[in-house]
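Below is one structure, written out as C-alpha cells; comments come after it.
Numbering starts at 1 and runs along the sequence shown.
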Amino acid sequence: MEATDTVSRSVVNVTVTGAGGNIAYSLLWRIASGDVFGPGQKVNLSLLEIPSAVRVAEGVAMELADSAFPLLNSVTVTDDPRRGFDGANAAFLVGAKPRGKGESRKDLLTANGRIFTEQGSALNDAAADDIRVLVVGNPANTNAYIAAKAARDIPAERFNAMMRLDHNRAASQLAAKLGAAVGDIDGLVVWGNHSDTQFPDIEYLRVAGEQATGRVDRAWYVDEFIPRVAQRGAEIISVRGSSSAASAASAAVDHMRDWVQGTGGRWTTVARASTGEYGVDEGLVFGFPTVGINGRWAVVEGLDLTEFQRSRINANVEALREEAAVADSLF
C-alpha cells in the first residue's frame, strides 16, 4: 500500500481521538480551516471519544458547525473506534490515559497499551489504504509502536509519534538565543524519544542558510538548552497550571501538514519506525532528522556522529527498548 497525496482527494476523512479534550479543541479548528491539508481541500471530521465524554464531543461538533467553515464538509461523533476510523485518510490519536499519582511508566504503558491496541486494530480494519496516523497521546513513541503492531496490515511507516513539539520548542529557544527568526532555523533535529532522554542536536544547525553551530555557547547548549527543551512541558505546567494544549495542537498541525505537503527540503523531526538508520533497532519509533517529499518522509542519512551524539542517541535507544519490551508483553 503506497501512500498517496491526500490533498488530491475531493474530501479528506480525518479522525481525531480524545476529541473533547483541550488539545483537540485547538486542533480541530486548524484542520477545519485548511491549515493542514490546504486552503482548497474539503474535510470530513470524525470525533472519537470514550463513552463518558461523547456529550462533550457533541458540544465541540456544535461549535464547529457554528464556525461555518467553508472547507468542513461534515462532522460525526462516535465512541466506536471502527466507526470512527471508517475510511480515514488521516488520524490524530490525541486521547491517552495520563499518568496517575504513584503510577510507574510501566503502569502507564500497560494502561495505554489496551487503548492503542484497540485503536490499531480498528484502523487496520476500517481505515483507507493511504492512512497516515499521528500519535499525540503520551508516551507517544511507544503508543505508536503498539498501534502499529496491532495494525498488522498497515505499513509501520504510516504510524508516527509527535516529536514536532520538541522540535518547535528547540527551534524557538535557539532563535531567541541567536537573535534570529524561527523561520531561519534549519538543520535541527531532536533524536529519540519524547521523554527526558530526548536529544536536541545542533551539530548541523543552520541559520538563514549559514552553518551556525559555532555561534552557540557549548556550556549553555549542554547544561541549559538540552535539559530545558526536555523539561519544557513540566515548566509550562508549573507556570500555567495545566499542560501544553495549543502548542501541542499547533505541532500536530505542522507535522501532518509537512507529511502531506512536504517540507521544501527543510529538516524536521519525525518519530517513525526505524529501519535500522543510525544503528537504531528496527521497529522502534524513534525521532530522526527528516524531510517531507511527495507525501512521504525521508530520513536524512549519512550524517557523521560524534561520540557525544552517539552516547545521547544510545540512551534513547535503550529507553525505547525497555518500553518496547513492556509493549510486546501485551500481545
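Sorted by first then second residue, the side chain to side chain donor-acceptor pair (under 3.5 Å) pairs that include residues 134-148, not counting sequence neighbours, are Thr142-Glu323, Tyr145-Asp328. Among pairs with a residue in residues 299-319, those fulfilling ring-ring contact (aromatic ring centres under 6.0 Å, His included) read Phe199-Phe308, at least two apart in sequence or across chains.
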Handout entry: CA sep, side-chain torsions, deciding dist, call: Arg257, Asp254, salt bridge (charged side-chain N to carboxylate O under 4.0 Å, His left out)
Key = CA-CA 5 Å; Arg257 180 201 63 228; Asp254 291 343; 3.0 Å; yes
Practice task
In sequence, state the C-alpha distance, the side-chain angles, and the governing distance for Ser121 and Arg82, and then conclude on side-chain hydrogen bond (donor to acceptor under 3.5 Å, both in side chains).
Solution key: CA-CA 9 Å; Ser121 177; Arg82 278 166 177 76; 3.0 Å; yes
Exercise for the section: Given side-chain hydrogen bond (donor to acceptor under 3.5 Å, both in side chains), test Gln231 with Asp196 step by step and report yes or no. Expected result: CA-CA 7 Å; Gln231 297 298 324; Asp196 57 7; 4.6 Å; no
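Between His255 and Trp259, the ring planes lie perpendicular to each other; the angle is over 60°, past the 30° to 60° tilted range.
Judged by the 6.0 Å and 45° rule, Arg206 forms a cation-pi pair with Trp267. Remark: Lys177 is not positioned above the aromatic ring of Phe225, lacking an NZ or CZ atom under 6.0 angstrom from the ring centre and at most 45 degrees off the axis.
Donor-acceptor pairing under 3.5 Å is lacking for the side chains of Thr290 and Arg272. For the residue pair Asn73 / Asn44, a side-chain donor-acceptor distance below 3.5 Å is found, with atom types taken as modelled.
Side chain of Ser244 to backbone of Ser247: no donor-acceptor contact under 3.5 angstrom is found. Of the possible polar contacts, one joining the Ser274 side chain to the Val280 backbone as a donor-acceptor pair under 3.5 Å is found. With Asp281 contributing its side chain and Leu284 its backbone, the two residues share no donor-acceptor pair below 3.5 Å.
No side-chain heavy atom of Tyr278 sits less than 4.5 Å from a side-chain heavy atom of Ile313. In this structure the side chain of Leu205 reaches within 4.5 angstrom of the side chain of Ile185, judged on heavy atoms. Counting heavy atoms from C-beta on, the side chains of Arg228 and Gln173 come closer than 4.5 Å. No side-chain heavy atom of Glu49 sits under 4.5 Å from any side-chain heavy atom of Val77.
Every residue two or more places apart in sequence or in another chain was checked for a salt bridge (charged side-chain N to carboxylate O under 4.0 Å, His left out) with Asp223, and none qualifies.
Considering Ile131, Ile146, Leu134, Val133 as possible partners of Phe159, the one that fulfils the side-chain contact (heavy atoms from CB on, under 4.5 Å) test is Val133.
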